[in-house]
Number of protein chains: 4
Amino acid sequence: MKEKDLNELIEGSNEEQIAEKKLKILEAAIKVFSEKGFEGSRTSEIAKEAEVAEGTIFKYFKTKKDLLSGLLIPLSIKFLRPLIMKSAEDILKKDKENATEEILKELFLDRLSLIKKNMPLIKTVLVEAIYHDELLEPIKEQVVPQVLQLLDSYVDSHKQNGDFNDYNTRLISRTMMSLLMGYIVLSSVFPEFFSLNEDEKEIESIVDIFLNGVKNKGEQI
Amino acid sequence: MKEKDLNELIEGSNEEQIAEKKLKILEAAIKVFSEKGFEGSRTSEIAKEAEVAEGTIFKYFKTKKDLLSGLLIPLSIKFLRPLIMKSAEDILKKDKENATEEILKELFLDRLSLIKKNMPLIKTVLVEAIYHDELLEPIKEQVVPQVLQLLDSYVDSHKQNGDFNDYNTRLISRTMMSLLMGYIVLSSVFPEFFSLNEDEKEIESIVDIFLNGVKNKGEQI
Amino acid sequence: MKEKDLNELIEGSNEEQIAEKKLKILEAAIKVFSEKGFEGSRTSEIAKEAEVAEGTIFKYFKTKKDLLSGLLIPLSIKFLRPLIMKSAEDILKKDKENATEEILKELFLDRLSLIKKNMPLIKTVLVEAIYHDELLEPIKEQVVPQVLQLLDSYVDSHKQNGDFNDYNTRLISRTMMSLLMGYIVLSSVFPEFFSLNEDEKEIESIVDIFLNGVKNKGEQI
Amino acid sequence: MKEKDLNELIEGSNEEQIAEKKLKILEAAIKVFSEKGFEGSRTSEIAKEAEVAEGTIFKYFKTKKDLLSGLLIPLSIKFLRPLIMKSAEDILKKDKENATEEILKELFLDRLSLIKKNMPLIKTVLVEAIYHDELLEPIKEQVVPQVLQLLDSYVDSHKQNGDFNDYNTRLISRTMMSLLMGYIVLSSVFPEFFSLNEDEKEIESIVDIFLNGVKNKGEQI
DNA sequence: TATGAATGAGTCTTCATTCAT
DNA sequence: CATGAATGAAGACTCATTCAT
């Protein structure tokens, strides 16, 4: 019941609504794929995880491969949509009132929690995209442009009002992505080496370096 | 013969010496694993690539999984060793003579070419480490510490001579790694979005931002 | 309604009455079985062909196998009954009035059209009888005796009035069956080799050879 | 050893030689297919029958379907080749010395024993050809023309020397095939109805009717 | 030592059959 | 009665691994 309502709420229409069981199977697939990889996963395990019979999977997805491609839909629903909808407004609005540091920190923290919340899904799709070109295409056509549109426009507006130096816009956007991705990957894969503080402090430091660099300017006076 | 001698030379000891055929198999494994992933690879294909019979693989490696673990040895030979040997001296030596920008650019470019040259190996080991904890361990014990020792000492010396601000050393090292990794990953996976210039110029920009940040200080007025 | 009445009329009793839907399913089964063979047929396809839900099939037939056995009933209704009813009287009646050639031609043509009209049903039952003994039994008990009774009695009467040589009756009946079956099978499976003329002319030739043989008696001189 | 020699003998060359194990699998397939039909057969059963592992089947035949197509080769080797080689000479040679009755009887008996010896193979290929067009094609292109060439030429020569009436050659050939096929099918499927005598006597009767017809001519005098 | 034919456990996938609605 | 979603047993096929040569 609750699940259904939630689903409708997110979707806003019955058209796109995904059958309850189909959703359960996809969620199980995300879990298992993210733990074992696509080729290392067994449809039998996905079925058990989804609490359906193995045959049921193939009622909804013609092949195991289709299960993987099917993850692209939840990816855009669960990750991409909130990414765009919330940010477009929020960031630009607050932008004028607060200091750049604050805005960036909030932006990074927000993205961080969004990514962490959808980690298994994102991880699976990205890793498998390495080996399955069909997955990479939609990412190139949907995900990356969406993210870049957001970042680029943010960067551009700051270049225009003189906050940012006149670097290539895309270079700045890429730097932001690198810093966030790098932090996430390194601190989660090698926490003993790279998890220095709680997320908030870390993000603050990252933003600081991003804005001011590591070079000591003070002594030049 | 020649191969063997070379091998011995590199190794410096007979103990670690890898049989000619074993090496060929490992190289084939790197190629195939990097293209299809570990689970997606077939020992038959590796055998064909290595120009040996399928059975021969199992003379050198008890199981397919052992092939993967076996990659850790070439990883340290082909990637790690040059990483340390060359850099430790060179960089620190030149450090005093040249400007920080130059040194960093050279360091980044050097690492970049080293990584690119060993991409299939690195890619395979890192991706598979996600799913096979046995792989992650040696990386945590060998690779990361080696890399960090190099970076940290570099960063520390610059903090001491006042070139770098007083950020946490590891934070700076992580930032360097993030920027380089981010560049490599993004520009190779999504070249149409992130390959802005040839490597040298890109690295220059990255170093510039790393040192000075993107914020316009107004001091230029 | 109309269908039901007709059905009752044909059957002459309620006992044997076949439900409308059951009939539709059986007809669909005949079609699909005759195209793909029993094992090669899918209950899902039969259901679609019969325009019922897949589950409905199993309301009328406990198993798929029962569907095949169920075909024996239409076989006797659609093929056997007309075979006997019409022929028994007609042929023997006309027998005295017309030349043997004419009678045989008519008989063969009649059987030919009856077989052709029920080809899918006959083909299915006969082919599957090869692999399912349960099907062969009713054929041995019902179909063959019926056909033989008709043929044998025809042959016997001709032997008695001196038209036919004194071959074993069953041998003559078998020859008639062989000639008709052979023509049907060969000309339908390999039309490019064996379809020489329209059916009527073919049957005429067959009857001619059946009666006179291929040997040149020299009497024509 | 013996098997191998025999094989070589039959083939006459190493080129066409079929691997011992491949032959064993094909023979098992013939047996199982002829008992259960193609779709009703299990590769596991064929493997057990052939005394090989299930996987071995797929080393020699990519798919189960290929096993069926593979039967066409033994068909031509075991059935077709002897059919042609022996007959072409033998029959035409003896033809001049003996009475037509004798020749035909011998021919029919010879074909009969050849067919009976290869019954499972012939049965399988013919029955499955109904549902698999790929099988029918080679039969139309190889088998039927070969058989017809033999029969037609026999018939033609008898028409020319005045032994046979001037029926269409193909009609006579078809009649011969119908009579033989009809006898084989009817007497083996329904022996209780159609197995009147031992084969030799049966064939004699069939030849007699084929040549002279069933009509009583004597009384016309 | 190296081979590659053979193995058979394990996989994805199908499909007859069931059963809650 | 009729439905069709769900089931899960069973099938074709794959592939790491073995072993006689």
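FYI, side chains are in, hydrogens and waters are out, and symmetry mates aren't considered; it's all heavy atoms of this structure. Chain identifiers are assigned alphabetically (A, B, ...) following the order of the sequence lines, protein sequences preceding nucleic acid strands; residue numbering begins at 1 within each chain.
Regarding contacts with the backbone of E:dT7, a side-chain N or O of D:T56 is found under 4.0 angstrom from either OP1 or OP2. Residue D:Y60 places no side-chain N or O under 4.0 Å from the OP1 or OP2 atom of E:dA5. Between C:K64 and E:dT17 there is no side-chain N or O to OP1 or OP2 distance below 4.0 Å. Considering only side-chain N and O atoms, D:R42 lies under 4.0 angstrom from the phosphate OP1 or OP2 of F:dA12.
Summarising the geometry, the separation between CD1 on B:I25 and C1' on E:dT3 is reported as 12 Å, rounded to the nearest angstrom. Between the CD atom of C:E45 and the C1' atom of E:dA16 there is a distance of 15 Å, given to the nearest Å. The NZ-C1' distance, from D:K24 to E:dA5, rounds to 14 Å in whole Å. If you measure from atom NZ of C:K22 to atom C1' of F:dA2, you get 16 Å, rounded to the nearest angstrom. Separating the CD atom of B:E39 from the P atom of F:dT14 is a distance of 17 Å, rounded to the nearest angstrom.
Here the nucleotide nearest the side chain of B:K59, chosen from E:dT3, F:dC13, E:dT13, is E:dT3. If you check E:dC12, F:dA12, E:dT3 against the side chain of B:V52, the one that comes closest is E:dT3. Nearest to the side-chain atoms of A:A53 among the listed nucleotides F:dG8, F:dA16, E:dT13 stands F:dG8. Checked against F:dC13, E:dC12, E:dA16, the side chain of D:E54 finds its nearest nucleotide in F:dC13.
The minimum heavy-atom distance linking A:A50 with A:I25 is given by the pair CB-CA, 3.9 Å.
By the 4.5 Å heavy-atom criterion applied to side chains, D:F61 and D:L26 are counted as neighbours.
The structure places CG of D:L75 at 7.5 Å from CG of D:L126, a figure rounded to the nearest 0.5 Å.
With respect to C:K24 and C:E20, no salt bridge is recorded, no charged nitrogen being found less than 4.0 Å from a carboxylate O.
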